[in-house]
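These notes are about the structure you will find just below.
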Amino acid sequence: MNLHQSMEARAEEAVAALKLMQLRYPEVQVGFLGFSQAGWVIPIAASQSQPAFSVIIGGAVNWREQGQYYQKLRYEQQGKTPDEIIQLLAKEQKENDDIFGLHGTKDRTRRNDMSEDRFNFVVKNYLSDSSSYLRKMNGRILAVWGNNDLNVNAQLNACRYRAILNTHHQADIVVFPHASHGLLRVPEFNYQLESDWPIYRQLQFLWAGRKAYTEGSLPLIIDWIKNKNPDFSPYNMDCNL
C-alpha cells in the first residue's frame with residue numbers, strides 16, 4: 001500500500017488508468033472495482049470521469065466513523081466492558097481530532113505508536129468523507145457489503161448510500177449475509193487484519209480459492225458488470241429498522 005498518497009491522488013491515478021483503457025479498447029465497457037479504501041477513491045474518480053460502472057466493496061462513507069467502529073470491535077474482542085469502551089472511544093476520538101482534525105496539531109510526537117509514513121497518511125486522509133462525491137458519480141453503481149464486516153458498519157453505510165443515491169436510477173445497494181469485509185465466508189475467514197489470520201486459515205484460504213467467497217456473491221457481481229440484471233432483492237438492507 002502506498003502511504004504517501006491522499007484519496008484524491010489515488011483517484012487521479014484511477015481516472016488516468018480508466019481513460020487509457022477506454023482509449024485503447026473503445027468497444028469494451030470499462031469501469032472501476034475496488035475494496036475497502038476504494039470507498040473513498042472510486043466516488044472521487046467516478047465523479048471526474050465517465051466509467052461504464054463502479055463496484056465498491058466494503059466501503060465506508062466517513063473515515064472517522066469507520067475508525068470508531070473498527071476500534072469498538074477491537075475493544076470488544078479484548079474483553080472490555082461497554083462502559084470502558086465508551087470511555088476509551090471518546091478519549092481516542094478527542095485525541096485523534098486534536099492531532100489529525102481540521103485544526104489539529106499534526107504533531108508526530110503524540111503518536112509514537114505509528115510509523116512516520118502511516119502518520120502522514122492519516123494526516124492526509126483523516127477527514128475523508130465520500131458523501132459529496134457519491135452524489136456526482138457517473139455510470140452504473142454497485143455498492144456491496146458483507147453483513148458480518150468487522151471493519152466497516154455494513155448496515156449504517158449501506159443505508160447511507162441508499163439515502164445519498166436515492167435519485168440515481170442505476171445504483172444497487174447490496175448486503176450479503178454470512179460475508180466478511182472482503183466478502184469472504186463467515187466465520188472461517190472473518191478477521192480485521194491480515195496479521196490476525198492463523199496459519200491454518202491462510203492455508204485453507206489458498207486451498208479454497210474462489211470458494212472462499214460467500215456463496216453466490218462473485219457470480220452476482222460479475223453478472224451485474226455484464227449488464228445481466230441479476231436479482232439482488234434477497235440482499236436488500238431494511239433501512240427502516
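Atoms considered below: every heavy atom in the structure, side chains included; atoms not considered: hydrogens, waters and symmetry mates.
Nearest heavy-atom pair across Gly39 and Tyr161 is O-OH, 4.0 Å. Considering all non-hydrogen atoms of both residues, Trp197 and Gln202 come closest at O-NE2, 3.0 Å. Contact detail for Arg162 and Cys239: the closest heavy-atom pair is NH1-SG, 3.8 Å. For the residue pair Met237 and Cys159, the shortest heavy atom distance occurs at CG-SG, 3.7 Å. Across all non-hydrogen atoms, the minimal contact from Pro198 to Tyr191 is CD-OH, 3.4 Å. Pairing each heavy atom of His181 with each of Ser36, the nearest pair is NE2-OG, 2.9 Å.
Using a 3.5 Å distance cut-off with no hydrogens or angles, the side chains of Thr81 and Asp83 do not pair a donor with an acceptor. A donor and an acceptor atom, one from each side chain of Gln50 and Gln22, are nowhere located under 3.5 Å apart. Donor-acceptor pairing under 3.5 Å is recorded for the side chains of Asp129 and Asn62. Looking at Asp231 and Ser233, their side chains do bring a donor and an acceptor atom within 3.5 Å of each other.
Note on Leu156 and Tyr69: separate hydrophobic clusters, where clusters join Ile, Leu, Val, Met, Phe, Trp and Tyr whose side-chain heavy atoms are under 4.5 Å apart, directly or indirectly. Residues Leu33 and Leu220 fall within the same hydrophobic cluster, defined by Ile, Leu, Val, Met, Phe, Trp and Tyr side chains chained together at heavy-atom separations under 4.5 Å. The same ILVMFWY cluster, assembled from side-chain heavy atoms under 4.5 Å apart, contains both Ile57 and Phe53. Placement of Tyr213 and Val144 within a single hydrophobic cluster is found when ILVMFWY residues are connected by side-chain heavy-atom separations under 4.5 Å, directly or transitively. Tracing side-chain contacts under 4.5 Å through hydrophobic residues (I, L, V, M, F, W, Y), one reaches Ile42 starting from Ile173; they form part of the same cluster.
Partner of Lys94 under the side-chain hydrogen bond (donor to acceptor under 3.5 Å, both in side chains) criterion, chosen from Asn96, Asp98, Asp97: Asp98. The only option from Leu18, Ile44, Val30 that meets the side-chain contact (heavy atoms from CB on, under 4.5 Å) definition with Ser49 turns out to be Leu18.
Side-chain contact between Arg108 and Glu116: present, with at least one pair of heavy atoms (C-beta onward) separated by less than 4.5 Å. Gln77 places a side-chain heavy atom less than 4.5 Å from the side chain of Gln192. Side-chain contact check for Phe232 versus Leu142: some heavy-atom pair is nearer than 4.5 Å. Gln29 places a side-chain heavy atom less than 4.5 Å from the side chain of Asn227. The closest side-chain heavy-atom distance from Gln155 to Val175 is not below 4.5 Å. Within the 4.5 Å cutoff, side-chain heavy atoms of Met137 are placed close to those of Leu134. Leu127 is listed as a side-chain neighbour of Arg64, based on a closest heavy-atom distance under 4.5 Å. For the pair Met7 and Lys124, the minimum side-chain heavy-atom distance is 4.5 Å or more.
Ion pair Lys80/Glu76 not flagged as a salt bridge, since none of the NZ, NE, NH1 or NH2 atoms sits closer than 4.0 Å to an Asp/Glu carboxylate oxygen. Note on Arg201 versus Asp196: no salt bridge recorded, every NZ/NE/NH1/NH2 to OD/OE distance being 4.0 Å or above. Contact check on Arg185 versus Glu188 returns a salt bridge, with a Lys/Arg side-chain nitrogen under 4.0 Å from an Asp/Glu carboxylate oxygen. Between Glu92 and Lys72, no side-chain nitrogen of the basic residue sits less than 4.0 Å from a carboxylate oxygen of the acidic one, so the salt-bridge criterion is not met.
Checking side-chain atoms of Lys106 against main-chain N and O of Asn120 turns up no donor-acceptor pair under 3.5 Å. A side-chain donor-acceptor contact under 3.5 Å links Asn125 to the backbone of Phe121. With hydrogens and angles disregarded, a donor-acceptor distance shorter than 3.5 Å links the side chain of Gln68 to the backbone of Leu89. At distances below 3.5 Å, at least one donor-acceptor pair connects side-chain atoms of Ser6 with backbone N or O atoms of Ala9. In this structure, the side chain of Asn112 engages the main chain of Thr109 through a donor-acceptor pair within 3.5 Å. Judged by distance alone, the side chain of Asn190 and the main-chain N or O of Asp149 form no donor-acceptor pair under 3.5 Å.
At most 12 non-hydrogen atoms from other residues, nucleotides or ligands lie less than 6.0 angstrom from CD of Glu215.
With rounding to the nearest 0.5 Å, the separation of CD1 in Ile56 from CD1 in Ile141 is 7.0 Å. For the atom pair NE2 (His168) and CG (Asn166), the distance works out to 11.5 Å, reported to the nearest 0.5 Å. Considering CZ of Arg10 and CD of Glu8, their distance stands at 11.0 Å, rounded to 0.5 Å. Distance check: Tyr70 OH to Gln66 CD gives 8.5 Å after rounding to the nearest 0.5 Å. Interatomic distance, Leu73 CG to Gln78 CD, rounded to the nearest 0.5 Å: 11.0 Å. The distance from atom CZ of Arg74 to atom CG of Asn151, rounded to the nearest 0.5 Å, is 9.0 Å.
In this pair, Trp40 and Trp63 present their aromatic rings tilted. The plane angle is within the 30 to 60° band. Ring planes of Tyr126 and Phe100: tilted class, angle from 30 to 60°. Below 30°, between 30° and 60°, or above 60°: for Phe176 and Tyr235 the angle between ring planes is between 30° and 60°, a tilted geometry.
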Working for side chain to side chain contact (heavy atoms under 4.5 Å, CB included), residues Asn147 and His178 = CA-CA 6 Å; Asn147 195 47; His178 314 301; over 6 Å; no
Intermediate values then yes/no, side chain to side chain contact (heavy atoms under 4.5 Å, CB included), Trp145 and Val174 | CA-CA 6 Å; Trp145 291 266; Val174 177; over 6 Å; no
Going through the checks in order, is the side chain to side chain contact (heavy atoms under 4.5 Å, CB included) test met by Leu23 and Lys19?
-> CA-CA 6 Å; Leu23 182 63; Lys19 290 181 176 179; over 6 Å; no
Does the pair Ser131 and Ile164 meet the rule for a side chain to side chain contact (heavy atoms under 4.5 Å, CB included), with working shown?
-> CA-CA 7 Å; Ser131 301; Ile164 294 172; 4.0 Å; yes
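In this structure, Arg140 is positioned above the aromatic face of Trp224, its NZ or CZ under 6.0 Å from the six-membered ring centre and within 45° of the axis.
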